[in-house]
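What follows is a single structure, written as structure tokens, with notes after it.
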There are 2 protein chains.
Amino acid sequence: MNDKKEYTISEAAGIIGVSASALRYYDREGLLPNVRKVSGKRVFSEADIASLRVLECLKATGMSIRDIREYFDLARQGDATLEERYAIILRQKEIVNRQIAFLNDNLRELNRKEQYYKSILSTAAGSGHEGGRN
Amino acid sequence: MNDKKEYTISEAAGIIGVSASALRYYDREGLLPNVRKVSGKRVFSEADIASLRVLECLKATGMSIRDIREYFDLARQGDATLEERYAIILRQKEIVNRQIAFLNDNLRELNRKEQYYKSILSTAAGSGHEGGRN
DNA sequence: TCTTGTGTTAAACCGTACTTTAAGTCTTAC
DNA sequence: GTAAGACTTAAAGTACGGTTTAACACAAGA
């Protein structure tokens, strides 16, 4: 009946899939202002774990630690910053869409190279191809 | 009738969209072994420009400078390394596909957040939402 | 001739995101 | 009581991908 479990730093690290020292680093950088400290030790609540998941999501899309901190700071300021946070999410969505488009462009390049190698490799071995270029 | 233009380092930098110092760095790291030096100055051929484009493509998909150098080294060894290079391209394609899938996952997360903010912002201002979390 | 512009090098520096180290605290088990 | 194991801190170290700096070379134009 009690979902409100709490976690040690290494449990939290295991759940999120980062190292404990990374979590300490995030804390130092002000990204975990809600993590309580009981007798000097960090205690991660479910809400802290949820914050970490958001952090990982933003990080995965290329947002810097500093920008994530600013976003989290806004969140701590309450409803007055809702529009601002909404705008950040919309902007980050656009960034991700551009990243995906860019990767697709590069994937097409790789496909061309694949076809190139495939065609050379299929036309028998030892035809003399003047190598030396990429 | 002469396509075989040659370029100075700053022309090459302009064409590729990187800085001249980045090109010098690539050269230092062994990524531009074919760039000639005429009276101490680098001269970029069309083939060098083509190599730079491949370099940028691989870099854009997350391949490290070192791994790109290894790939280029293989290319300079000629046809004997065709299969190896083909394998590298296939592997890189998989890496890119995983990156795209990962970004799409994170995009879905951002979409959820967008909808969340949208719903709060639409249900009028000043309802008291207990902010403070991300 | 002298300045301007473009190139060169080696070596030092930079930002980002951590990781590692050293020294110490606290709890629990034996 | 003492050893182990998990936690703490500040500070230094690391990897990557460049950038910046300082000092110098060379060619063209006024």
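Just so it is clear, the model here is predicted, and its values are computed rather than measured. Note that these values count all heavy atoms, side chains included, but never hydrogens, waters or copies made by symmetry. Letters A, B, ... are given to chains in the order of the sequence lines, protein chains preceding strands, and every chain is numbered from 1.
Following rounding to the nearest Å, B:E6 (CD) and C:dG7 (P) show an atom-to-atom distance of 14 Å. Protein atom NZ of B:K37 is 14 Å distant from nucleotide atom C1' of D:dC26, rounded to whole Å.
An OP1 or OP2 oxygen of D:dC7 is reached within less than 4.0 angstrom by a side-chain nitrogen or oxygen of A:S10. A:K59 has a side-chain polar atom (N or O) that falls below the 4.0 Å cut-off from OP1 or OP2 of C:dC18.
In this structure, CG on B:L90 lies 9.5 Å from CG on A:N111, to the nearest 0.5 angstrom. A:T61 OG1 to A:Q92 CD: the interatomic distance, rounded to the nearest 0.5 Å, is 3.5 Å.
A:S19 comes within 4.0 angstrom of sugar-phosphate atoms only, judged by non-hydrogen atoms across all strands, and of no base. At a threshold of 4.0 angstrom between heavy atoms, the contacts of B:S64 are confined to the sugar-phosphate backbone, with no base atom among them.
Of the charged side-chain nitrogens involved, at least one lies within less than 4.0 Å of a carboxylate oxygen, so that B:E109 and B:R112 count as a salt-bridged pair. Salt bridge status for B:E94 with B:R91: absent, with no side-chain N to carboxylate O gap under 4.0 Å.
At a cut-off of 3.5 angstrom, the base of D:dT19 holds at least one donor-acceptor pair with the side chain of B:R28.
Nearest nucleotide to the side chain of B:R42, out of C:dA17, C:dT8, D:dT8: C:dT8. Comparing D:dC7, C:dG7, D:dG17 by their closest approach to the side chain of B:T8 singles out C:dG7. Side chain of B:I9, nearest nucleotide from C:dC18, D:dC7, C:dT8: C:dT8.
Mapping A:K41 and A:Y25 onto DNA chain C by nearest heavy atom places A:Y25 at the nucleotide closer to the 5' end.
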